[in-house]
Amino acid sequence: MKIATYNVNGINARLPVLLRWLTETAPDVVCLQELKAPQEKFPQQAIRDAGYSAIWKGQKSWNGVAILGRGIELAETRSMLPGDDQDEQSRYIETIVNGISVGCLYLPNGNPVPGPKFDYKLRWFDRLITYAASLLETHTPTILAGDFNVIPTNLDASQPERWVQDALARPESRAAYDKLLELGWIDSLRKLSPTQSIYTYWDYYGYAYQRNTGLRIDHMLVNSELSEQVLEAGVDRHVRGWEKTSDHAPTWIKLSRQFTNPVG
DNA sequence: ATGCCCCAATGTTTGGGA
């Protein structure tokens with residue numbers, strides 16, 4: 001079974017790239033971020049025609065998250081992060097599929113620092129830490145996947161010095177990410193590649209992809225019950241080289257468990 | 001230090017991204 005996460009940077013602008021990638025790699029479950037579309041503008045039919053059902057939480061212009069399931073209907077278990085009923089930004093959606101709890105998240109960017117956007121990022125992170133701690137108590141195989149907007153260590157940026165003052169690498173952001181790991185969440189890609197520089201994002205400008213000046217900011221955190229089933233983890237970096245592509249590349253893990261759906 | 005590029009909106013630019 002393969003689970004992936006992909007910040008598409010506009011679901012409608014990215015539809016041809018998304019469909020091409022789905023057809024090419026046939027992931028079983030896909031977490032999407034940055035739909036940049038209101039609820040009614042999600043391209044449900046095109047995705048269904050490609051063999052995937054979807055649940056999504058849209059928002060006009062910004063944010064927006066979705067989960068796709070290959071040949072299986074998904075039941076939404078949650079569509080916002082607990083802890084702030086006033087939060088109107090669409091940044092979390094969750095389902096349970098094939099016995100795995102799947103949380104799809106788009107953490108705030110937080111720039112500029114300091115400022116209200118950075119404060120919001122840290123508050124959102126605090127809510128995530130609280131909720132993530134409660135998830136561990138269920139002992140259900142669980143994954144939290146998405147764009148965390150955090151460069152966890154200097155190994156995760158090609159030019160770490162450039163990001164020192166940035167919300168993606170600020171000590172407060174890194175400390176919050178570290179807190180998740182201290183709770184027991186496991187960074188799948190880093191566990192399988194402890195010393196390798198792996199990037200999931202490259203700037204549109206400055207030929208960043210061609211120069212491989214990237215960041216690792218999309219993460220797949222698993223609990224111990226799921227970690228023991230992770231066989232492989234990787235990034236489909238070639239997708240970043242396609243026409244009209246996102247600035248992020250799809251990131252995935254392969255599990256030992258079989259994906260059982262009506263289609264097979 | 002700044003811009004570069006790209007998206008959505010109802011634009012002839014702006015805000016947001018990272």
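Chain A is the first sequence line, chain B the second, and so forth, proteins listed ahead of strands; every chain is numbered from 1. Since the structure is predicted, the reported quantities are computational estimates derived from the model, not experimental observations.
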Please state the [atom1] separation for the pair [N] and [M] - nearest whole angstrom.
N      : M      : atom1 : result
B/dA9  : B/dC4  : P     : 23 Å
B/dT2  : B/dT12 : P     : 26 Å
B/dC6  : B/dG11 : C1'   : 15 Å
B/dA18 : B/dT13 : P     : 26 Å
B/dT10 : B/dC5  : C1'   : 22 Å
B/dA1  : B/dG16 : P     : 23 Å

Phosphate contact ([N] OP1 or OP2) by [X] side-chain N/O below 4.0 Å:
X      : N      : answer
A/K41  : B/dA8  : no
A/N9   : B/dC7  : no
A/H248 : B/dG17 : no
A/K117 : B/dG16 : yes
A/K36  : B/dG17 : no
A/N7   : B/dA18 : yes

Whole angstrom value for the distance that separates [atom2] of [N] from [atom1] of [X]:
X      : N      : atom1 : atom2 : result
A/N109 : B/dG17 : CG    : C1'   : 6 Å
A/Y106 : B/dG16 : OH    : P     : 12 Å
A/L15  : B/dC6  : CG    : C1'   : 17 Å
A/R240 : B/dA18 : CZ    : P     : 13 Å
A/D147 : B/dG17 : CG    : P     : 11 Å
A/E243 : B/dC5  : CD    : P     : 15 Å
A/D247 : B/dG17 : CG    : C1'   : 7 Å
A/W62  : B/dG17 : CH2   : C1'   : 11 Å

Going by atom types alone, do A/E94 and A/S101 pair a side-chain donor with an acceptor below 3.5 Å?
no

If you measure from the Lys or Arg side-chain nitrogens to the Asp or Glu carboxylate oxygens, is any gap between [X] and [Y] under 4.0 Å?
X      : Y      : answer
A/R123 : A/E172 : no
A/K2   : A/D28  : no
A/R162 : A/D203 : yes

Applying side chain to side chain donor-acceptor pair (under 3.5 Å) to A/D187 and A/Y177, what does each step give before you reach the verdict?
CA-CA 10 Å; A/D187 182 334; A/Y177 188 82; 2.9 Å; yes

Is the ring of A/Y205 stacked on the base of B/dC5, with centres less than 5.5 Å apart and planes under 30° off?
no

By nearest-nucleotide position on DNA chain B, the 5'-leaning member of A/I11 and A/L215 is A/I11

Closest nucleotide of DNA chain B for A/G206 versus for A/A13: which of these residues is on the 5' side?
A/G206

Look at all strands and tell whether A/Y207 reaches a base, only sugar-phosphate, or nothing, counting heavy atoms closer than 4.0 Å.
nothing

Among B/dC5, B/dA8, B/dA18, the one nearest A/Y204 by side-chain distance:
B/dC5

Side-chain heavy atoms nearer than 4.5 Å, only ILVMFWY residues, links allowed to pass through others: does that put A/W21 and A/F42 together?
yes

